[in-house]
2 protein chains.
Amino acid sequence: MLKAERHQHILNEVSIRSRIQLSDIAESLGVSIDTIRRDVKELDDKNKLKKVHGGALSLGYNVFPFSNSEVFNKEMKAHIAQKAIGLIKENAVILMSGGTTNLELARLLPTNLDITVFTPSLPIAMQLLAHPKADVILIGGKISKNAQLAIGAQVVQELSNIKADLCFLGTGYLDLEHGLTEFDYEVVQVKKAMIQSARRTVSLCISEKLNSVQRFKTCDIQDIDVLITELPPEADMLMPYKSFNVNLI
Amino acid sequence: MLKAERHQHILNEVSIRSRIQLSDIAESLGVSIDTIRRDVKELDDKNKLKKVHGGALSLGYNVFPFSNSEVFNKEMKAHIAQKAIGLIKENAVILMSGGTTNLELARLLPTNLDITVFTPSLPIAMQLLAHPKADVILIGGKISKNAQLAIGAQVVQELSNIKADLCFLGTGYLDLEHGLTEFDYEVVQVKKAMIQSARRTVSLCISEKLNSVQRFKTCDIQDIDVLITELPPEADMLMPYKSFNVNLI
DNA sequence: ACATATTGTGCAAGATATTGCAGTTTTTTG
DNA sequence: CAAAAAACTGCAATATCTTGCACAATATGT
């Protein structure tokens, strides 16, 4: 492997994860840690990243909308995302909605996984640029500035032509009685269409948002196939959800 | 084996694998490594690839051209963008291609301007999220990771339904004889369609890239209506372009 | 056709660059 | 403070680069 390639790989990795550990990189590229250390030093000298003890950090001003500090419950979301990754099989066709939990999922996606991702979300698409093996298809339309995703009839129409294996739904609010709800009506339209366009729907939801309701309804709980939270599947809080024939993870 | 044949083979290999090692090429073509070294040096001088220690990389290989300090000539591009803004009228419908100059334009766009922007570019769309009065419509499709914009038949098809007032074309390379050229064939297809879909086409180009050529042709100089560079319109370097009936700004 | 440039190619010697390792020093963490 | 992790240093083994040169292939001018 050429030095220049390692440099690209390192920069790429830093861009995706916003941080790296020298030991991880060394292992994944199969070179000594000294070599990586020297690479990172060189990149630091060129102001491409910030070297720190044990690793390196991205220089703050990256393209991503949600800089690290702005994502609430980041560890929790990463934990959920990690569980979700287990559901993804090689060559899967996946639908991803927006939201920071899904963004975390995109960030943590193993770079060696060969998949096709359809998404109307700008941040998700940006994030996946860094995954060389992921085919990314952006579903275009009018952009909702709040949700940072494409909305409108065009998106719904586009989705109707797709049948994906899996849909990852970053869920706003989840309640036993009212199901999945959202603040934004247009976003609901898109999510409804996404559920229709996938064989299985996986909802990623931090427990904080369980039992909370918003104005517009996306679907009932029984319409989702898998519910992933950061809690262990046996948690008391989740018990009521079992009755809906939903897989808890 | 002819030198030109080797060059073709090398470029081909680079474009397929996005990297080569001199030693591999030398062996597979049965010539000395010195010869390949000289070949690659020559191709580098012509901007066809990037020579590095031990091999060469594809030019299109940079994953995050827009992150960090990698935006070269930022002030120059801002200067160009500033000139371009003068062309935009209230309620205009605008097409924007990708590229860092256009990104600068999006960044500098006055926030009180009421406009509608169509773009296949992820970074441009992201940037315009911050623009409260701009309606942003993302043209969806398969994402080119190098160019960070949607490409493919779907994009071209989508563009055919639009007739915009103005198209801002971030131009890769511009040459008197060869017109506007690009590194990536798919991007050329999109840009061609964009030109078709606008009443007037404005090309933003730093003077550094004047008189340079890449592999695929987008259009002739006479196909663009306005050429904006950072130079004053009377600059000697621009004189030859006057004959093409192009507005210099 | 001939002699004369020009260009292309391979080789070799010395200079540089890259990389992993071992031993030592510094930093981090409990 | 002490153990562990990471960083630094010098070094040796390769690999790659540079340069000059000889010789062959090709082009040019008469």
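This one's a predicted model, so the numbers in the text were calculated from it and none came from an experiment. Side chains are part of it too, since the values below use all heavy atoms of this structure and drop only hydrogens, waters and symmetry mates.
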| message | Using a 4.0 Å heavy-atom cut-off, does A:Lys41 contact any base of the nucleic acid, only the sugar-phosphate backbone, or nothing at all? | response | nothing
| Which is it for A:Ile88 and A:Leu109 under the side-chain contact (heavy atoms from CB on, under 4.5 Å) test, yes or no, and what are the steps along the way? | CA-CA 9 Å; A:Ile88 304 173; A:Leu109 217 53; 3.6 Å; yes
| note | Shortest non-hydrogen pair, B:Arg19 vs B:Leu57, comes out as CB-CD2, 3.9 Å
| task | Answer with yes or no whether the side chains of B:Thr201 and B:Asp223 bring together a donor and an acceptor at under 3.5 Å. | result | no
| note | Contacts of B:Tyr185 meeting ring-ring contact (aromatic ring centres under 6.0 Å, His included) (sequence neighbours excluded), chain-then-number -> B:Phe216
| Length of the NZ-P vector between A:Lys51 and D:dA6, whole Å | 10 Å
| task | Could you tell me whether B:Val52 contacts a base, only the sugar-phosphate backbone, or nothing, with contacts defined as non-hydrogen atoms closer than 4.0 Å? | result | sugar-phosphate
| query | Going by distance alone, is a donor N or O of one side chain under 3.5 Å from an acceptor N or O of the other, for B:Ser97 and B:Asn102? | reply | yes
| task | Would you mind reading off the distance between B:Glu5 atom CD and C:dG8 atom P, rounded to a whole angstrom? | result | 14 Å
| field | Pairing residues for A:Glu27 by the side-chain contact (heavy atoms from CB on, under 4.5 Å) criterion, not counting sequence neighbours | value | none
| remark: Separation of C:dG8 atom P from B:Leu29 atom CG, nearest Å, is 17 Å
For nucleotides 17-23 of chain C, which of its nitrogen or oxygen atoms have a protein nitrogen or oxygen under 3.5 Å away, and what is each distance?
from	atom 1	to	atom 2	distance (Å)
C:dT18	OP1	A:Lys3	NZ	2.9
C:dT18	OP2	A:Lys3	NZ	3.4
C:dT19	OP1	A:Arg6	NH1	2.6
C:dT19	OP1	A:Arg6	NH2	3.4
C:dT19	OP2	A:Arg6	NH2	2.5
C:dG20	OP2	A:Ser32	N	3.2
C:dG20	OP2	A:Ser32	OG	2.9
C:dG20	OP2	A:Thr35	OG1	2.0
C:dG20	N7	A:Arg38	NH2	2.6
C:dG20	O6	A:Arg38	NH1	3.4

| Atom CD of A:Gln21 to atom P of C:dT28: distance rounded to whole Å? | 15 Å
| To the nearest Å, how far apart are B:Ile20 CD1 and D:dT16 C1'? | 14 Å
